[in-house]
Amino acid sequence: MIRTRDAGTLRAADAGFAVTLAGWVARRRDHGGVTFLDLRDASGVAQVVLRDPEAGRALRAEFCVLVHGTVAIRPAGNANPDLPTGNVEVVATDLEVLSTSAELPFPIEGSLYGPGSVEETTRWRHRYLDLRRAWPATALRTRARMTSIIRRVMEANDFLDVETPYLTRSTPEGARDFLVPVRLQPGHWYALPQSPQLFKQLLMVAGLERYYQIARCFRDEDFRADRTPEFTQLDIELSFLDEEDVYALTESLLTTLWRDLLDVDLPVPFARMTYADAMRRFGSDRPDLRFGLELTDLSGHFAGTRFRVFAEQPYVGAVVLPGGGSLTRKELDSWQDWARGRGARGLAYVLIGEDGAVRESGPVAKHLSAEELVGLPAAAGAGAGDAVFFAAGTERPAQELLGALRLAIGRDRGLIEESAWRFLWVTHFPMFEPTDGGGWTAVHHPFTAPTPEWADRFAEEPGAGLARAYDVVVNGIELGGGSIRIHRAGMQQQVFDVIGLTREEAESKFGFLLEAFRYGPPPHGGIAFGLDRMAAVLAGTDAIREVMAFPKAASGGDPLTGAPTPITPEQRREAGIDVAP
Ligand code: ASP
């Protein structure tokens, strides 16, 4: 049953040779006593000519077959220039059906997204069939090439691949843990890691200095289109470093991936922007730099305004809708609906006339003073025929609304340079953000070090302190993020104090890390990349599930195996789920 050739590799030079192929019947056409088969295996497709009408008629799509035959040049006019094997065909001398196929839940050949496309859940439910299709299989191949390049680059840079436990204690990355009951210790539970964070820091205490791992992570979060409960990180940690080492390593890794997989030369170093600038200019901590249309801060312009909506707001900002001055009432209303869909009350706007002045008829313009109107187009960066949308309120949410609006306008107006790759480091994130309960939580995670200026006073002003944290972003997508860590026990304790973790809690949750830090921990830091996201970007899709072999559905369940499932009373007893420790 051994095949001698992969179907997709046959070329004109093979003509005259006997071959044995094995694969699946992708297509079958009968032509006056002759059956033409497209035989597909992992390498591609070859045409097989079968001169046994009975055997030909017995075949159906996706039968698994073995074919003995001779390679021949296709008769004149029958070549298929779209197929690498398009100049040849295999004239079969014998065909053996290895296994038959039931009726298919969806056609294997045919377009994935166009007419006849298949619903996602059905694809995941029959993923083993979906992966027989060309594009889905190519996406997995791209992912495999990506991880292979990653390993090559990491090893060339002397990084050591280390596996850390999956059955462990909670790692604080801001999500809920998945918990695993332990039969032998009823009432005790493991947590699946949200990231290898604590272990990689321990490996630095251990003196390994350069660690990496392609690690599965588990986060029990609310369902979102671009998240799944388990995902893969490229996780990296180094000792005796500063931010520049992480930036240089990342840039060398990403330029290699983009060059080898996409044939794109990325300029280095990547641009850099502080978090504060990113929010101020783009209303996002992962700005898409493929177009301009920056936000403007009009807080100064409207200081002392009598317009109620803007008065006494800490922040008034704006974004321009180019050409928006000529929108119909209905089109303007649809932007209001867009804003309401995001939970905003609406969007105040003014229209700029063809003379470059604010049209005074609008609902906002009539509340503004003459001085406010005169300077407004220039202050907002608007030209003749544009519209200006405003957001007023607390700075961060107002900027985020404008940032999302900027993106929506960019898409709507075709302003985004689709073929460009704009990489960016976002740096100097805040250390903490307020919690709903009036306390503080770490923006990155509580092991992140403050910037030198904040080292001695972040505890006094938690809302203002800046972290040595960084994200690498491309075209508005966050590819990875990390930080320089705290390696002194006193400072770590201060952070725990700010986030309201008592000594006892800190001890019980992270005592093992704090203890390790008593034994000469080196300065260290690192980064983690979302590999599913990165593979999706490299494969040219927005959908991370396309680059996962067996993805969960948007509901978090697995349509293929039916997981998660209820357990039996017996399993429940055995796992000790109801036992109080
Ligand atoms: N553990 C972090 C994360 O999962 C990454 C890092 O700080 O290296 O986001």
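Both ligands and their constituent atoms are indexed starting at 1 by order of listing.
- The contact set between ligand 1 and Q233, taken as ligand atoms under 4.0 Å from a residue heavy atom, comprises 3 (C), 4 (O).
- Counting heavy atoms under 4.0 Å from ligand 1, residue S195 touches it through the side chain alone.
- Geometrically, ligand 1 and H445 share a nitrogen or oxygen pair separated by less than 3.5 Å.
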Step-by-step salt bridge (Lys or Arg N to Asp or Glu O under 4.0 Å) determination, E221 to R176 | CA-CA 6 Å; E221 290 179 293; R176 285 191 189 82; over 6 Å; no

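- Interface of R485 with ligand 1, defined as ligand atoms under 4.0 Å from a residue heavy atom, comprises 6 (C), 7 (O), 8 (O).
- Residues V153 and F159 are not in side-chain contact: their nearest non-hydrogen atoms beyond the backbone lie 4.5 Å or more apart.
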Is there a salt bridge (Lys or Arg N to Asp or Glu O under 4.0 Å) between D260 and R152 once you walk through the steps?
-> CA-CA 12 Å; D260 290 4; R152 197 180 76 216; 2.9 Å; yes

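- Residue R219 places a heavy atom less than 4.0 Å from ligand 1.
- Looking at Q194 against ligand 1, nothing comes within 4.0 Å, counting heavy atoms.
- When each atom of ligand 1 is checked for a heavy atom of Q197 under 4.0 Å away, the hits are 1 (N), 2 (C), 5 (C), 6 (C), 7 (O), 8 (O).
- Distances below 4.0 Å separate heavy atoms of I527 from the following atoms of ligand 1: 8 (O).
- Relative orientation of the F447 and H445 rings is tilted, given thresholds of 30° and 60° on the angle between their planes.
- Judged by the 6.0 Å and 45° rule, R406 forms a cation-pi pair with F291.
- Within ligand 1, the atoms closer than 4.0 Å to a non-hydrogen atom of K200 are 6 (C), 8 (O), numbered from 1 in the order shown.
- Interatomic distance, R533 CZ to T541 OG1, rounded to the nearest 0.5 Å: 8.5 Å.
- A tilted orientation is assigned to the rings of Y275 and F429, their planes being inclined by 30° to 60°.
- A salt bridge is absent between R280 and E395: the closest approach of a Lys/Arg side-chain nitrogen to an acidic carboxylate oxygen does not fall below 4.0 angstrom.
- The shortest contact between atom 3 (C) of ligand 1 and any protein heavy atom is with E173 OE1, 3.4 Å.
- For the pair E237 and ligand 1, the shortest N or O to N or O distance does not fall below 3.5 Å.
- Looking at Q201 against ligand 1, nothing comes within 4.0 Å, counting heavy atoms.
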